[in-house]
Amino acid sequence: MINRNVFENPPKKYRVNPMLHGWPADLKLAMEALNDFGYGGAVTNVPYGDGFTSNENNLRRFSEILDTMDAAELSYWIYDEMGYPSGQGGGLTLQDHPEYAAKGFYMHRRIAYEPTHARFRLDDESDKIIWAARYPVETPGTHESYVQFDKMMPVPFTETELECDLGAKEVLYVFCVKDAYEGTHSTHNVSSFRKNINIMDKRAVRRFIDMCFEPIARSIPDAYSRALNVFTDEPSLHVAYVREYETWNYALAPWVDGLFEAFEEMYGCSLLPNLPLLFEGDVNAYPVRIQFYKLVGRLIAEAWSGQLAQWCEAHGGGFSGHYLLEENITHHVKQYGDFLPVLRAASYPGIDILNCYPEIYTYNTTKIPQMAIRKNKTNGMMVEICPFSLVEEFRKDPLNNMTCVMGLLYLGGVRVTHSYFQADFSNWRGGALGNIRGYTNEEETNWFNQYVGRLGAVLDGLDNKCSTFIYYGIEDAQAKTKPMYCAGWNSGDHVAEQTTSALMTTIYEAGRDFYYLDTEDLQEALQTLETMGTPSISGNPVKQIFVPALDVIYREAVLALQKLAEAGVEVRVVNRMPRYAAENGTTLDLTLPAASLEEIREMVLEDDVFPVPATGGLVLRGRFEKDGKNIWMLVNKSRTDAVIGYQGKDGEIWNPSDGSVSLLATGDNVTVPAMRAVFIAE
């Protein structure tokens with residue numbers, strides 16, 4: 001274990017860093033306050049306004065801020081934006097370069113049942129026509145009409161117009177590009193109404209670097225090497241609408257110049273004949289949509305997180321921050337196409353959490369991004385805590401609510417905390433900093449920082465050790481994602497989301513830790529089975545794999561699961577077998593054993609390696625290894641104390657609430673206080 005003195009008084013590097021976008025005139029006084037309140041450092045930025053990074057006075061002030069933090073022995077992360085979402089640079093990025101704005105393309109459909117002449121003119125909201133084609137339509141029944149996508153006939157067009165003759169039973173598709181802006185995250189945030197950049201476009205991201213990163217590097221050459229990381233904030237595609245009460249004229253798919261060529265390079269075939277299937281169609285559309293959104297994710301990983309990570313690392317630092325709606329598989333597609341490659345391309349994974357109230361906390365906040373930690377072998381992830389949901393309830397007991405959620409976050413892989421959980425500085429030194437109101441006073445904030453610091457000190461460098469896995473079926477969401485004219489989902493689009501959430505909650509709240517896995521992980525499990533005789537993933541033995549009730553799954557995933565089941569791995573799908581193969585949309589002729597959620601819960605309990613029958617509370621747990629010992633982290637999510645009958649080896653209880661360490665013997669009862677975590681070392 002760690003040194004007990006370190007546990008009792010955790011170093012600053014494990015403590016919380018407030019998100020500070022503005023500073024008082026007296027910087028030295030501000031640093032004294034941060035130290036008095038027990039913080040470890042801060043996330044900060046070039047002063048806003050007056051030209052942001054283009055203003056030399058702002059850069060000089062920023063240099064003064066960083067120097068004063070160094071003198072006070074406070075670390076810092078650099079916040080890369082003037083507000084959010086990251087990429088706009090306070091308007092600097094798109095100034096004189098409107099072509100770098102986020103883009104989407106939409107479809108115009110016109111069908112003829114008798115010969116006609118068709119005309120199309122681009123409207124004043126759009127940039128250009130990017131493709132047009134006509135197709136024959138079969139009408140075998142009274143109510144049916146089927147487009148023959150393998151019989152595409154291109155239609156000549158200019159950037160702004162086209163004309164063509166349509167024969168009987170022919171359909172014309174015209175595809176046009178416009179800015180992705182109105183009704184999206186660009187306009188529904190509290191920062192600004194600015195347009196944002198296209199995160200699929202390397203030129204746009206390079207422009208962001210030139211306007212917001214390079215000026216700091218020129219003015220303060222060692223700013224990035226002294227920083228722990230750069231913090232980016234909610235970049236996204238801006239093609240998805242976010243308010244259900246709004247309806248817009250365009251249903252947008254992500255666009256960047258060169259997209260069609262990139263598709264052909266990646267897959268060896270043209271997207272153009274099947275372009276309408278991104279917007280319409282049934283199961284025949286699934287494969288092309290999966291291919292398309294995988295490409296989108298790769299392009300973002302290269303243009304945004306990959307390019308920014310390379311720049312930051314070349315300047316001695318790293319690139320981190322968080323993305324948008326990380327908890328939701330469906331939004332992994334709508335906002336990024338394929339989220340995991342985007343997250344993995346950063347130097348250090350990051351998330352944010354708005355649901356800082358235990359009853360609405362979403363376990364997937366950490367558990368899905370935890371895949372990036374495991375695959376990249378990073379020391380955990382960063383979290384930005386933002387108590388912005390269910391605010392009235394949160395304020396009734398803010399310290400306990402936030403403390404409980406911190407335990408859940410660290411259980412799922414968080415190791416660095418940045419905070420909008422504001423301390424109250426109004427009474428510090430008689431109001432020396434002015435009337436800065438917040439949730440916790442000096443004593444409470446110090447306690448909170450010590451508590452979080454102890455979590456970080458124990459878990460530093462440790463990964464969860466478990467043998468249970470859940471399949472991450474993003475291909476189901478990719479297959480069903482269609483551009484829409486409003487927020488929300490079409491019928492059935494929630495299958496991957498709902499069943500994954502129900503399965504994950506069932507397993508986690510039964511007291512079993514788990515990892516998500518994907519097809520890449522399944523291949524690793526097969527390889528280790530062949531070479532070592534037993535399957536493992538990222539060094540974890542594979543004993544159980546559960547698959548949500550998806551409609552679409554990769555055939556290669558099912559084949560791998562069958563082989564693992566034959567080797568003794570307990571494999572179950574929830575209720576029913578997925579129906580369609582992601583590779584080609586055909587009906588799957590393979591089967592896996594099914595089980596209900598209750599049956600799966602019993603499987604988890606039957607194979608319980610560390611029984612902790614809790615009374616009085618809901619205890620979640622994870623196992624870690626350090627210095628030859630098992631370390632169990634127990635987190636009581638409920639508002640009443642939980643008592644467990646300990647059945648493990650003789651050991652110790654490490655209590656992050658007060659820094660104490662006490663002996664523990666087999667058969668003892670262990671109290672896990674309400675909304676708190678404890679560690680058991682055996």
Side-chain angles (χ1 to χ4, degrees), residues 353-367 385 387 389-412 414 421 439-440 443-445 447-448 450-452 454-455 458-459 501-502 504-514 597-598 601-602 604-605 608 610-623 631-648 651-681:
I353 167 68
L354 275 65
N355 294 338
C356 298
Y357 188 76
E359 284 78 1
I360 62 169
Y361 174 81
T362 304
Y363 302 129
N364 274 343
T365 301
T366 58
K367 296 303 286 185
I385 53 175
S389 298
L390 211 62
V391 175
E392 290 186 6
E393 289 300 314
F394 179 84
R395 285 178 173 166
K396 292 177 181 178
D397 192 7
L399 183 59
N400 282 322
N401 287 327
M402 195 69 255
T403 301
C404 181
V405 169
M406 293 310 304
L408 297 169
L409 289 167
Y410 275 72
L411 181 67
V414 167
F421 179 55
Y439 290 109
T440 53
E443 180 182 357
E444 292 168 332
T445 306
W447 179 89
F448 181 72
Q450 289 177 332
Y451 181 87
V452 173
R454 291 178 186 125
L455 300 182
V458 171
L459 297 173
S501 179
M504 171 265 302
T505 301
T506 297
I507 292 172
Y508 216 26
E509 293 190 351
R512 173 59 55 84
D513 199 5
F514 71 92
L597 288 174
E598 185 54 39
R601 183 178 183 276
E602 292 305 312
V604 168
L605 292 175
D608 202 339
F610 180 57
V612 283
T615 59
L618 174 61
V619 176
L620 288 84
R621 56 197 162 103
R623 185 176 70 86
I631 301 172
W632 294 91
M633 184 179 183
L634 309 179
V635 183
N636 185 354
K637 187 185 175 184
S638 64
R639 297 179 184 274
T640 58
D641 291 350
V643 179
I644 62 171
Y646 178 65
Q647 302 299 319
E652 298 170 331
I653 300 174
W654 292 62
N655 189 346
S657 294
D658 58 11
S660 64
V661 180
S662 57
L663 295 177
L664 176 66
T666 303
D668 286 351
N669 285 334
V670 177
T671 297
V672 186
M675 308 179 81
R676 298 289 185 269
V678 298
F679 295 102
I680 293 177

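Heads up: numbering here begins at 1 and tracks the sequence. This structure is a prediction, so every number in the text was calculated from the model and none was measured.
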**Q.** Plane angle bin for Tyr363 and Tyr361 - parallel if under 30°, tilted between 30 and 60°, otherwise perpendicular
**A.** perpendicular

Q) Can you find a side-chain donor-acceptor pair between Ser660 and Asp658 that sits under 3.5 Å? A) yes

Q: Spell out, as yes or no, whether a donor-acceptor pair under 3.5 Å connects the side chain of Thr671 to the backbone of Val643.
A: no

Q. What pair of heavy atoms forms the shortest contact from Val619 to Ala642, and how long is it?
A. CG2-CB, 3.6 Å

Q: Report yes if some heavy atom in the side chain of Thr365 is under 4.5 Å from a heavy atom in the side chain of Asn355; otherwise report no.
A: no

Q: Considering non-hydrogen atoms only, spot the tightest contact between Ala665 and Tyr646 and give its length.
A: O-CD2, 3.6 Å

Q) CE/Met675 to CG/Asn401 distance, rounded to the nearest 0.5 angstrom? A) 4.5 Å

Q. Does any N or O in the side chain of Asp641 come within less than 3.5 Å of the main-chain N or O of Ala674, such that one atom is a donor and the other an acceptor?
A. yes

Q: Nearest 0.5 Å please: distance from the CZ atom of Arg454 over to the OH atom of Tyr410.
A: 13.5 Å

**Q.** Side-chain heavy-atom pair Met633, Val458 within 4.5 angstrom cut-off
**A.** no

(Q) side-chain contact (heavy atoms from CB on, under 4.5 Å), that's the test. Do Leu390 and Glu359 meet it? Break it down for me. (A) CA-CA 10 Å; Leu390 211 62; Glu359 284 78 1; over 6 Å; no

Q) Which distance, rounded to the nearest 0.5 Å, do you find between the CG of Leu634 and the CD1 of Ile680? A) 4.5 Å

Q: Apply side-chain contact (heavy atoms from CB on, under 4.5 Å) to Lys367 and Asp513, showing your working.
A: CA-CA 10 Å; Lys367 296 303 286 185; Asp513 199 5; 2.9 Å; yes

Q. Quick one: are Tyr357 and Val391 in side-chain contact, heavy atoms under 4.5 Å?
A. no

Q) Would you say Ile360 and Ser389 make side-chain contact, with heavy atoms under 4.5 Å? A) yes

**Q.** Val635 to Cys404 - nearest heavy-atom pair and separation
**A.** CG1-O, 4.3 Å

Q. Heavy atoms, side chains only, cut-off 4.5 Å: are Ile653 and Asp668 in contact?
A. no

Q: Could you tell me whether the side chain of Arg512 and the main chain of Ile507 form a donor-acceptor pair under 3.5 Å?
A: no

Q. Which of parallel (below 30°), tilted (30 to 60°) and perpendicular (above 60°) describes Phe394 and Tyr439?
A. perpendicular

Q: Output the distance between atom OG1 (Thr506) and atom CD (Glu598), rounded to the nearest 0.5 Å.
A: 8.0 Å

Q. Looking only at heavy atoms, which two atoms of Ser638 and Gly616 are closest? And how far apart?
A. OG-O, 3.9 Å

Q: Nearest 0.5 Å please: distance from the CE atom of Met504 over to the CG atom of Asn364.
A: 3.5 Å

Q) Between Ile385 and Met406, what is the shortest heavy-atom contact and its length? A) CG2-SD, 3.8 Å

(Q) Assess, by modelled atom type and distance only, whether the side chains of Tyr508 and Lys637 contain a donor and an acceptor separated by less than 3.5 Å. (A) no

Q.
With side-chain contact (heavy atoms from CB on, under 4.5 Å) as the criterion, how do Asn655 and Arg676 come out once you've worked through the C-alpha distance, each side chain's angles and the decisive distance to 0.1 Å?
A. CA-CA 9 Å; Asn655 189 346; Arg676 298 289 185 269; over 6 Å; no

**Q.** Reported OG1-to-CG distance for the pair Thr440 and Leu399, which is rounded to 0.5 angstrom
**A.** 6.5 Å

Q) Ignoring hydrogens and geometry, is there a side-chain-to-backbone donor-acceptor pair from Trp447 to Ser657 under 3.5 Å? A) yes

Q. Can any side-chain N or O of Asn636 pair as donor or acceptor with the backbone N or O of Thr640 at less than 3.5 Å?
A. yes

Q | Min side-chain heavy-atom separation Leu411-Leu620 under 4.5 Å | A | yes

